[in-house]
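A short write-up of the structure that comes next.
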Amino acid sequence: PASQTQPDRQNGLTDEQLRKLSQEADKVVAALRRRLSRAQLAGKLTVDRMKSFDAAVGRVYEFRHLDLDASVRDGKVMLSAVTGLNGGTVHQSLSFDLTDDEPVVGRETRVRDVIATENVRPQLSRYFPGNTVTGYFHRQESVTMPLEDLVAAAMDARYPLYPEGTAETVAVDGFVEGRAAPKFVTAIFPGLNLAKYKYRKMTAFAEYKPDGTAVNDMVFTGSTYDVYMEGQTDADNIGRYEIGVILLSAPQSPQWNHIYRQGRIPILNWKARIEDGKIHDEEVSYLWPTETLQVIFVKNNLFYRMWLAEQGGKH
């Protein structure tokens with residue numbers, strides 16, 4: 001389960017500290033507006049090799065062939081960076097308009113074919129605790145956030161920063177560790193091992209909301225059964241998820257199942273606190289037959305899911 005909050009951020013700030021940070025950030029944005037609203041600037045930086053330390057997970061990353069482009073045109077700021085990492089590529093861009101009354105930053109991230117080596121896995125654990133990727137992964141993310149909040153968070157990492165948008169992550173080869181399925185489940189689904197579930201592919205869909213909630217739906221393709229996890233992690237890093245198997249996975253793509261959720265059989269409900277990419281205070285409960293039937297025939301009813309898709313919603 002993924003959270004959009006930073007695991008190392010413990011919001012120990014008082015209301016007065018939050019107010020002061022917001023005021024200081026507002027001054028910085030005002031200064032940028034005065035200096036750059038009429039500017040015409042452009043620049044490019046190329047670096048053959050660069051090392052970066054991520055204090056949040058205590059790991060060093062080595063980037064190769066970094067190309068950074070930056071421009072300011074009448075208050076419109078654009079930043080774009082492309083680099084190589086672990087055999088793959090990372091592309092990130094930021095844009096905002098200082099002429100707006102309340103500038104909003106748009107951030108686009110594309111990660112392709114990055115090998116999940118030991119130094120990268122802790123970063124993945126921030127999004128997917130208990131999930132170890134052994135192959136490579138892709139990620140596409142598109143989010144927005146107020147510029148003032150981004151500046152305040154840069155001043156103090158404890159300042160709550162809640163980007164709003166969507167993300168999709170695809171991981172090839174890995175395993176998920178969790179609570180073992182009871183005997184009555186393995187009797188119905190022989191070979192299903194939830195204690196250490198190995199998958200060939202994981203496709204994870206995330207929707208980030210402005211209150212700090214991350215709504216997640218993950219589809220795992222395994223050797224015996226396909227598994228799903230759906231639910232949300234709130235701003236306090238409390239995750240609540242439904243976990244089950246997908247019986248009609250063969251003809252479906254993960255994207256189709258994410259939208260229509262056909263063939264899903266719920267097995268258990270899971271709740272835990274997620275901190276530093278690790279799981280704490282785990283609680284597991286198994287569904288009653290009536291609850292299972294409600295999920296299958298009401299929550300995941302095909303006509304209801306089709307109606308939701310028409311309304312532009314997935315939940």
Side-chain angles (χ1 to χ4, degrees), residues 2-11 21 25 28 32 41-72 77-96 105-129 131-145 147 149-163 165 167-172 174 204 206 208 214 237 274-278:
S3 169
Q4 74 178 99
T5 58
Q6 302 294 333
D8 60 315
R9 177 186 296 137
Q10 298 299 321
N11 192 355
L21 276 171
V28 172
L32 290 173
L41 302 171
K44 183 178 179 67
L45 175 66
T46 300
V47 179
D48 185 57
R49 177 185 290 185
M50 181 182 74
K51 288 187 177 182
S52 176
F53 178 72
D54 188 343
V57 294
R59 292 293 189 276
V60 174
Y61 307 116
E62 184 171 305
F63 298 100
R64 294 177 179 273
H65 309 299
L66 170 67
D67 288 325
L68 175 66
D69 289 284
S71 67
V72 182
V77 180
M78 299 283 294
L79 299 170
S80 178
V82 181
T83 187
L85 174 66
N86 288 6
T89 59
V90 178
H91 181 197
Q92 188 169 86
S93 62
L94 296 174
S95 62
F96 54 91
V105 178
R107 185 180 71 199
E108 301 284 338
T109 304
R110 294 195 304 273
V111 179
R112 299 291 302 175
D113 300 317
V114 172
I115 300 171
T117 53
E118 288 293 336
N119 65 328
V120 172
R121 287 174 187 168
Q123 187 67 243
L124 289 170
S125 293
R126 298 168 68 182
Y127 295 99
F128 309 105
N131 180 4
T132 301
V133 181
T134 58
Y136 59 92
F137 69 96
H138 317 296
R139 182 173 173 85
Q140 180 96 19
E141 182 183 88
S142 178
V143 296
T144 60
M145 67 207 82
L147 177 59
D149 287 354
L150 184 62
V151 173
M155 293 177 175
D156 191 321
R158 294 174 297 170
Y159 188 91
L161 177 65
Y162 301 137
E168 180 176 334
T169 304
V170 177
V172 177
Y208 300 131
N237 285 339
I274 301 168
E275 186 177 312
D276 296 328
K278 297 180 181 179

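We count residues from 1, following the sequence as given. The shown structure was predicted, so the numbers you read here are calculated from the model rather than taken from an experiment. Scope of the values below: all heavy atoms of this structure, side chains included, with no hydrogens, waters or symmetry mates.
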Any non-hydrogen side-chain atom of [X] less than 4.5 Å from a side-chain atom of [Y]?
| X | Y | value |
| --- | --- | --- |
| Phe137 | Val120 | yes |
| Lys278 | Pro129 | no |
| Asn237 | Glu275 | no |
| Ser80 | His91 | yes |
| His65 | Asp48 | yes |
| Phe128 | Thr169 | yes |

Please round to the nearest 0.5 Å and tell me the distance separating atom [atom1] of [X] and atom [atom2] of [Y].
| X | Y | atom1 | atom2 | value |
| --- | --- | --- | --- | --- |
| Thr144 | Tyr208 | OG1 | OH | 13.0 Å |
| Phe63 | Lys51 | CZ | NZ | 12.5 Å |
| Arg110 | His138 | CZ | NE2 | 13.5 Å |
| Tyr162 | Asp149 | OH | CG | 10.0 Å |
| Arg121 | Thr132 | CZ | OG1 | 6.5 Å |
| Tyr61 | Thr117 | OH | OG1 | 9.0 Å |

| field | Glu62 backbone acceptor or donor facing Arg49 side chain under 3.5 Å | value |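 It does not hold such a pair.
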| message | So that I can tick it off, tell me whether Glu141 and Arg139 are bridged by a salt bridge, with the cut-off set at under 4.0 angstrom between side-chain N and carboxylate O. | response |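 Yes, charged N to carboxylate O under 4.0 Å.
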| said: Tell me the closest heavy-atom pair linking Met78 and Ser95, and the distance in Å. | reply: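 For Met78 and Ser95, the tightest heavy-atom pair comes out as SD-CB, 3.3 Å.
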| query | Which atoms form the tightest heavy-atom contact between Val133 and Val172, and what is the distance? | reply |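 Of all heavy-atom pairs spanning Val133 and Val172, the closest is CG1-O, 4.2 Å.
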| What residue among Thr46, Val82, Thr83, Leu45 forms side-chain contact (heavy atoms from CB on, under 4.5 Å) with Leu68? |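 With Leu68 as partner, side-chain contact (heavy atoms from CB on, under 4.5 Å) holds for just one option, Leu45.
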